[in-house]
Amino acid sequence: MNKKIAIIGGGNLGKSIAAGLLRANVVRPEDLIITRRKIQFLLSFSEQGVNVTSDNHKAVNESDIVIFSVKPHKINDILLSVKSDILKKKPIVISTVTGVKLTELAGILGNTISLYRTMPNIAISVGESMTCISTNSRDEVQNNTIAGLFNVMGHSAFVDDDLMGAATVLAASGIAFAMRYIRAAMQAGIEIGFSSELSKQIVTQTVRGASVLLQENNIHPESEIDKVTTPRGITITGLSKMELHGFSSSLVQGVLASFEKIKEIK
Ligand SMILES: NC(=O)c1ccc[n+]([C@@H]2O[C@H](COP(=O)([O-])OP(=O)(O)OC[C@H]3O[C@@H](n4cnc5c(N)ncnc54)[C@H](OP(=O)(O)O)[C@@H]3O)[C@@H](O)[C@H]2O)c1
């Protein structure tokens with residue numbers, strides 16, 4: 001991609017996006033700018049030739065795409081501080097900020113700027129994010145460009161802005177939920193005889209295999225589960241015990257609790 005990209009807010013997610021962009025070779029280090037106030041935490045990027053600065057004006061003025069990745073309580077002030085730069089330069093604006101609607105972004109920047117609200121997860125750093133996107137842009141070519149940008153770092157899907165809270169829970173928080181499953185399965189693996197390291201290898205590859213099976217064959221999990229549950233067998237015995245202890249319902253309740261909590265953000 002022959003575009004200059006700025007990331008305003010080089011924290012956990014901002015750095016993950018930067019790592020994902022560089023890993024996918026969609027931007028050259030010299031065409032990427034990352035900002036934050038404590039730039040000493042961006043040393044690993046400056047060492048790769050990425051521009052690192054605290055100057056958000058410079059970052060906006062030098063970029064075609066500007067990704068805002070700051071905490072929700074900061075976004076209004078930061079957008080207001082660079083609003084005149086944005087209106088002059090007219091970059092594509094992408095926000096990863098949780099809980100801030102497209103209408104709120106447009107309320108600050110106006111309707112002349114193409115706005116994309118995105119919800120990636122931290123697997124973006126290894127090219128495996130699921131990123132939901134909502135936009136006010138009707139420019140199909142530009143929408144495809146933005147989808148393409150996130151597709152090289154995983155998968156993306158356009159959704160209504162009203163669904164972005166749900167996307168936050170299922171994909172961004174979801175990665176923590178998936179990791180907690182992995183940790184619990186690893187713990188069980190140790191109980192039945194594996195070292196921690198081997199347990200992790202077995203569980204993570206098993207989870208990857210389950211995901212790839214479902215993605216590549218476009219099938220429902222239950223039909224795959226049916227294939228591995230012999231009547232009176234080992235797998236169905238374990239599954240039934242897990243359900244007795246609330247496996248599915250605790251996951252659903254956790255997702256619903258996160259979804260309630262997200263309404264309190266900002
Ligand atoms: N982490 C995730 O998995 C994830 C996933 C999806 C969406 N999100 C959303 O993405 C946003 C960022 O999340 P995060 O986890 O990366 O938060 P974070 O680690 O706190 O990163 C935010 C960064 O913004 C920087 N910052 C603060 N004021 C700034 C300013 N005036 N100019 C430039 N940078 C400034 C901070 O660094 P300094 O203090 O050094 O300035 C900080 O490193 C949040 O809205 C979050 O809800 C996060």
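Every heavy atom of this structure was used, including side-chain atoms; hydrogens, water molecules and symmetry mates were not.
- Side chains of F68 and K74 form no contact here, defined as non-hydrogen atoms less than 4.5 Å apart.
- At a cut-off of 3.5 Å, with distance as the only test, no side-chain donor of T118 or T131 sits close to an acceptor on the other residue.
- Distance check: K261 NZ to S258 OG gives 10.0 Å after rounding to the nearest 0.5 Å.
- Looking only at distances, a side-chain donor or acceptor of T235 sits under 3.5 Å from a matching main-chain atom of V228.
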*List the steps and the verdict of side-chain contact (heavy atoms from CB on, under 4.5 Å) for K241 and H245.*
CA-CA 6 Å; K241 191 74 159 187; H245 287 275; 4.2 Å; yes
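- Here the side chain of E243 pairs a donor or acceptor atom with the backbone of S248 at under 3.5 angstrom.
- Between the D160 side chain and the D162 main chain, no donor and acceptor come within less than 3.5 Å of each other.
- For the atom pair S129 OG and I175 CD1, the distance stands at 7.5 Å (nearest 0.5 Å).
- Side chain of K83 to backbone of I108: a donor-acceptor contact under 3.5 angstrom is found.
- Under 3.5 Å, the side chains of S137 and T135 contain no donor-acceptor pair of N or O atoms.
- In this structure, S81 contributes its side chain and I78 its backbone to a donor-acceptor pair below 3.5 Å.
- With L79 as the fixed residue, the side chain to side chain contact (heavy atoms under 4.5 Å, CB included) test singles out one of V97, L105, V100: L105.
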*Steps toward side-chain contact (heavy atoms from CB on, under 4.5 Å) verdict (N51, L32)*: CA-CA 6 Å; N51 302 289; L32 181 62; 5.9 Å; no
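- For S250 (side chain) and F247 (main-chain N/O), a donor-acceptor pair under 3.5 Å exists by modelled atom type.
- Between the D31 side chain and the V27 main chain, no donor and acceptor come within less than 3.5 Å of each other.
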